[in-house]
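To start, the structure under review is shown below, and the notes come after it.
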4 protein chains.
Amino acid sequence: MQLGLIGLGKMGGNMRERIRRAGHTVIGYDRNPDVSDASSLAEMVAGLQAPRIVWVMVPAGAATQSVVDELGGLLEAGDTVVDGGNSRWTDDEKHARELGAKGIGFVDAGVSGGVWGLENGYALMVGGEKEHVDRLQPIFEALKPEGPYGYVHAGKVGAGHFSKMVHNGIEYAMMQAYAEGWELLEKVDSVTDVREVFRSWQDGTVIRSWLLDLAVNALDEDEHLEKLRGYAEDSGEGRWTVEAAIDNAVPLPAITASLFARFASRQEDSPQMKMIAALRNQFGGHAVESAK
Amino acid sequence: MQLGLIGLGKMGGNMRERIRRAGHTVIGYDRNPDVSDASSLAEMVAGLQAPRIVWVMVPAGAATQSVVDELGGLLEAGDTVVDGGNSRWTDDEKHARELGAKGIGFVDAGVSGGVWGLENGYALMVGGEKEHVDRLQPIFEALKPEGPYGYVHAGKVGAGHFSKMVHNGIEYAMMQAYAEGWELLEKVDSVTDVREVFRSWQDGTVIRSWLLDLAVNALDEDEHLEKLRGYAEDSGEGRWTVEAAIDNAVPLPAITASLFARFASRQEDSPQMKMIAALRNQFGGHAVESAK
Amino acid sequence: MQLGLIGLGKMGGNMRERIRRAGHTVIGYDRNPDVSDASSLAEMVAGLQAPRIVWVMVPAGAATQSVVDELGGLLEAGDTVVDGGNSRWTDDEKHARELGAKGIGFVDAGVSGGVWGLENGYALMVGGEKEHVDRLQPIFEALKPEGPYGYVHAGKVGAGHFSKMVHNGIEYAMMQAYAEGWELLEKVDSVTDVREVFRSWQDGTVIRSWLLDLAVNALDEDEHLEKLRGYAEDSGEGRWTVEAAIDNAVPLPAITASLFARFASRQEDSPQMKMIAALRNQFGGHAVESAK
Amino acid sequence: MQLGLIGLGKMGGNMRERIRRAGHTVIGYDRNPDVSDASSLAEMVAGLQAPRIVWVMVPAGAATQSVVDELGGLLEAGDTVVDGGNSRWTDDEKHARELGAKGIGFVDAGVSGGVWGLENGYALMVGGEKEHVDRLQPIFEALKPEGPYGYVHAGKVGAGHFSKMVHNGIEYAMMQAYAEGWELLEKVDSVTDVREVFRSWQDGTVIRSWLLDLAVNALDEDEHLEKLRGYAEDSGEGRWTVEAAIDNAVPLPAITASLFARFASRQEDSPQMKMIAALRNQFGGHAVESAK
């Protein structure tokens with residue numbers, strides 16, 4: 001099968017490799033000529049036989065919109081575009097409508113796998129109409145892990161990115177769960193080997209998981225994580241999960257707490273805690289600490 | 001009326017003054033001879049006519065226990081002890097039992113007022129048996145603010161400190177509420193005068209309060225709180241409130257969030273966020289920041 | 001001064017009355033002819049002398065947009081529109097741009113006061129350009145409470161609604177603070193008169209506030225709130241506050257917890273807790289309860 | 001090897017079976033004669049050769065204390081007691097001291113495994129002095145899962161139960177994470193097959209785990225969990241985790257949110273939300289719902 005693949009960064013590059021290993025033909029395009037198989041989007045499209053399949057793997061937002069716009073001009077009725085980037089699910093319906101007006105199909109695919117995907121496969125959560133999704137099955141088969149899991153046609157257009165977004169929200173809270181437990185164990189004197197406690201949990205416990213395995217890897221590299229700063233970025237998906245919850249009046253206390261913990265981790269000093277300190281000083285004469 | 005008052009620090013000293021202004025006789029005792037009216041607890045007790053009233057205003061825990069023990073040996077049946085410190089309500093029943101075995105009455109009093117109490121009066125939340133509480137009315141009248149509010153006999157022994165503890169829990173969440181709102185207003189460009197927004201809220205709004213007045217005072221002294229570090233201690237009452245909630249299976253999400261925000265404010269770096277950073281690096285190859 | 005006022009519901013009707021009491025002329029328009037002073041928006045506009053001021057007090061979203069659109073056709077350069085409804089601050093810039101293209105000024109005003117506003121005045125948080133805001137001063141003076149507070153020109157277009165939105169976010173967390181404390185006090189046996197504890201807090205405490213006064217009123221009507229269901233709606237402002245926090249990476253744990261508590265209060269049964277029950281049953285054989 | 005095992009309920013009974021399968025001799029004692037191997041604790045002890053090992057597997061608190069007291073009278077210097085129940089770590093030091101005064105060793109063991117333990121093995125987190133722990137290795141080997149994980153000597157007396165307690169705290173937040181994500185997915189229309197989304201996550205994703213596998217099992221039995229009520233008990237460990245965090249000033253927002261969600265799930269109606277409803281009615285005239 002033939003596939004155009006736009007965006008050959010850390011994720012896209014490895015995905016090209018995995019699809020090729022499965023015996024398919026990939027014409028990759030990237031603005032960086034060192035990794036690109038074509039000198040332009042147009043050249044990439046010209047190299048594909050109709051009906052074409054083009055997989056978009058570029059940053060969410062303006063970059064994806066720009067590629068979708070350009071593809072709308074280059075592709076023709078019967079072709080299919082897959083957005084495998086981290087787009088917000090609300091963008092998917094817009095893209096499907098814009099391309100659909102020209103007879104071009106649209107599928108959204110949430111992709112999980114990170115740096116392990118090339119070897120282990122990428123989990124795929126896909127949204128779109130059945131006819132478009134079906135056309136892509138050989139590619140999905142190539143990307144997904146071996147075995148019965150790792151792929152789902154989750155629903156209509158947008159359902160793929162929505163499912164991936166919720167996956168990431170869950171991920172935030174799971175990471176926070178282990179992190180909170182680790183900090184508490186590290187704090188008490190009686191537990192003398194926290195790393196070995198984490199290691200032991202990898203079998204027979206309720207909380208065994210792949211993330212736990214990764215935590216053990218991390219502790220093996222740096223037992224007390226002394227080399228790291230407690231600083232964590234957040235991607236759009238965590239924020240969008242909370243926004244979707246608000247739109248749907250669903251309480252998400254653990255996921256939201258996890259997102260807020262990341263926000264706080266990036267503040268040099270906390271403005272809100274300055275106000276707390278100021279108020280304590282006002283009513284109780286409590287000592288305050290000066291800013292550095 | 002005559003009163004023995006043990007502990008003449010910031011709170012106790014002002015309370016002695018306010019009680020004296022109301023025409024009562026106070027024999028104060030403090031380990032610091034510069035402020036003490038008696039050279040020992042025994043001398044203070046000897047100076048009081050039976051039935052005696054002794055108000056204890058020393059740090060909660062060991063210091064209060066030690067004073068209660070000593071008073072148990074110095075006082076006699078018919079006397080009454082008031083613990084006006086920040087004792088945990090669970091200590092009150094123990095103290096009431098120990099003193100009650102000797103015929104000595106016990107009353108617990110939660111006292112609010114801080115540096116403003118001398119002039120405005122101290123709010124009092126009192127627990128104990130009616131006969132003991134009634135004896136103390138003249139002193140409570142002297143301490144409480146003028147007007148109809150500021151004093152309550154909340155219930156049995158322990159109810160005074162329990163009510164004061166919950167007061168402080170509410171206080172934590174109210175402070176956090178203003179602090180969160182202030183940070184958000186400071187963050188956006190369109191709101192050009194956050195201090196004036198806070199000032200305007202002092203009338204006609206749902207959120208007008210004494211704490212809001214204090215916030216305006218603080219902003220008048222330092223408009224963006226630039227001189228302060230975002231660092232906040234917590235007293236026992238906030239912690240005990242959450243523990244009492246856990247004992248009673250009552251969810252306290254806002255109060256607990258406020259307590260945790262203070263814990264986090266005191267950490268140079270967050271261990272749990274180191275773990276989050278480590279995990280992100282493990283599965284996604286996300287960049288981490290080195291510890292300083 | 002002359003004012004057109006669109007929307008004469010609970011809020012708008014009382015505001016018309018308060019402005020009239022201050023000696024101004026108000027031509028009110030409402031779709032309900034029983035309360036309207038004009039038979040149409042056009043008639044209302046026709047009754048005003050240029051340069052006109054029109055205050056919009058209709059539901060946020062589609063209704064406000066529709067009125068703004070219509071006013072764009074009826075008014076002329078030099079007129080000024082005030083949106084005093086609960087619009088999202090992001091709508092304000094759009095409305096200002098649309099009207100500004102025709103030379104019509106735009107001011108956004110967050111209005112607080114509820115059922116108490118007619119007598120006590122309405123707190124006003126205003127956003128917009130100085131020249132437009134200045135024109136409206138007599139009306140703002142009429143609406144605001146007496147005394148030095150209750151009015152602020154908070155900043156650029158949008159700043160009024162943004163400030164009012166944050167006010168409401170703070171309000172959510174303050175209400176939650178009292179509510180959590182009340183539930184905990186009601187739960188323990190030693191505190192025998194929770195209502196009197198709340199009443200006593202109205203003076204001398206750190207947590208005295210107007211909301212506390214209202215809580216006492218409510219408890220005087222129904223001491224244990226037995227007549228009420230624990231069910232709370234939320235308005236847009238609470239949600240928008242959290243969304244604005246997410247946009248600005250500001251952690252708002254207490255405000256968000258308060259919003260989520262309202263979401264949960266409206267669920268007959270909690271889907272997420274069904275999943276918790278299911279998981280406990282899977283790994284521990286813990287008993288589950290059947291749905292009714 | 002010989003072992004006395006006290007408490008043959010769901011956990012203890014299966015553990016006896018697993019230890020026996022490994023070739024050891026177990027004399028079990030339970031108050032229920034139908035499952036007991038001995039007619040009394042004394043008879044059980046009399047059947048063991050010195051130095052004896054006795055594993056206690058009874059409910060935490062009073063029941064465990066009573067057994068420890070009784071064993072203190074029956075055992076002799078050189079014997080070892082293991083508390084494998086869900087005791088609070090603070091009890092362990094007390095038990096170790098009481099038994100140690102008689103020369104009897106004490107080891108605390110947190111045991112995870114639930115209904116799956118008999119076949120898959122029990123994860124063990126152990127605290128105590130090395131000499132006592134070493135004596136028990138053959139029993140630990142019999143109980144733990146095959147493979148390199150599932151057992152740790154975590155530290156001093158109490159470290160076993162502390163580690164197990166933190167394990168359960170993490171478990172609470174992980175369960176909450178999946179539960180929140182599930183509710184959000186179920187709420188939106190575009191995702192038409194939530195169960196298959198969960199199933200797909202079992203491979204290639206960041207959030208794959210044993211708990212996820214169990215969630216899929218549960219959804220296979222009841223796709224929308226319609227047969228269950230959203231009601232969840234909590235065991236002591238979740239509460240103790242938060243209390244330990246408070247003692248150590250460690251913020252645990254996600255774990256605590258998970259605990260509070262369980263508290264709320266057990267309330268027929270929420271008292272705190274009654275107060276919110278009452279306040280909204282007071283200031284805004286917002287409609288309230290009557291209690292049923």
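Note that this is a predicted model, so its numbers are computed, not measured. Reminder, nothing fancy here: chain letters follow the sequence lines and each chain counts from 1.
Atom CD of B/Glu146 is surrounded by 12 or fewer heavy atoms from other residues, nucleotides or ligands within 6.0 Å. Enclosure of atom CD in B/Glu223 by more than 12 non-hydrogen atoms of other residues, nucleotides or ligands within 6.0 angstrom is indicated. Within 6.0 Å of atom CD in C/Glu93, 12 or fewer heavy atoms from other residues, nucleotides or ligands are found, so the atom counts as exposed in its surroundings. Within a 6.0 Å sphere centred on CH2 of B/Trp210, other residues, nucleotides and ligands contribute more than 12 heavy atoms.
Atoms OG1 and CD, from C/Thr205 and B/Glu171 in turn, are 8.5 Å apart once rounded to the nearest 0.5 Å. Here C/Arg208 contributes atom CZ and B/His167 contributes atom NE2; the two are 9.0 Å apart, rounded to the nearest 0.5 Å. To the nearest 0.5 Å, atoms CD (B/Gln176) and OG (C/Ser258) are separated by 10.0 Å.
In terms of heavy-atom pairs under 4.5 angstrom with chain C, the leader among B/Ser112, B/Ala245, B/Ser190, B/Ala244 is B/Ser190. When C/Thr241, C/Asp247, C/Val157, C/Val197 are compared by the number of non-hydrogen pairs under 4.5 Å with chain B, C/Val197 comes out ahead. Ranked by heavy-atom pairs under 4.5 Å with chain C, the first of B/Gly121, B/Gly127, B/Ala159 is B/Ala159. Ranked by non-hydrogen atom pairs under 4.5 Å with chain B, the options C/Thr256, C/Asp193, C/Asp213, C/Val206 are led by C/Val206. In terms of heavy-atom pairs under 4.5 angstrom with chain B, the leader among C/Ser209, C/Ala257, C/Ala177, C/Gly181 is C/Ala177. Taking chain C as the reference chain and counting heavy-atom pairs below 4.5 Å, the highest number among B/Asn168, B/Leu124, B/Val111, B/Leu211 is found for B/Leu211. The candidate with the highest count of non-hydrogen atom pairs below 4.5 Å against chain B, out of C/Ile170, C/Leu212, C/Asn120, is C/Ile170. Highest contact tally toward chain B, considering only C/Ala179, C/Pro145, C/Ala173, is held by C/Pro145 [criterion: heavy-atom pairs under 4.5 Å]. Looking only at heavy-atom pairs under 4.5 Å with chain B, the residue among C/Ala123, C/Ser200, C/Gly155, C/Ala249 that has the most is C/Ser200.
The one candidate from B/Val188, B/Val194, B/Val191 that meets the side chain to side chain contact (heavy atoms under 4.5 Å, CB included) condition with C/Ser163 is B/Val191.
Contacts between B/Met174 and chain C at a heavy-atom distance below 4.5 Å involve backbone atoms as well as side-chain atoms. With a 4.5 angstrom heavy-atom cutoff, B/Tyr151 touches chain C only via backbone atoms.
Under the 3.5 Å distance criterion, the side-chain polar atoms of C/Glu183 are left unmatched by any main-chain donor or acceptor of B/Val250.
Across every non-hydrogen atom of B/Glu180 and C/Pro251, the tightest pair is CG-O, 4.3 Å. Here the closest non-hydrogen pair linking C/Asn248 and B/Lys187 is O-NZ, 2.7 Å. Summarising the geometry of C/Asp189 relative to B/Lys156, their closest heavy-atom pair is O-NZ, 4.2 Å, with the distance given to 0.1 Å.
No side-chain heavy atom of B/Phe198 sits less than 4.5 Å from a side-chain heavy atom of C/Val152. Residues C/Arg199 and B/Pro148 form no side-chain contact, since every pair of their non-hydrogen atoms from C-beta on lies 4.5 Å or further apart.
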- request: Please report the C-alpha distance between C/Leu184 and B/Phe162 in whole Å, then the side-chain angles of each, then the deciding distance to 0.1 Å, and finally whether the side-chain contact (heavy atoms from CB on, under 4.5 Å) criterion is met.
  value: CA-CA 10 Å; C/Leu184 184 54; B/Phe162 195 92; 4.1 Å; yes

field: Verdict with reasoning, C/Val166 to B/Trp201, per side-chain contact (heavy atoms from CB on, under 4.5 Å)
entry: CA-CA 11 Å; C/Val166 173; B/Trp201 285 343; 4.2 Å; yes

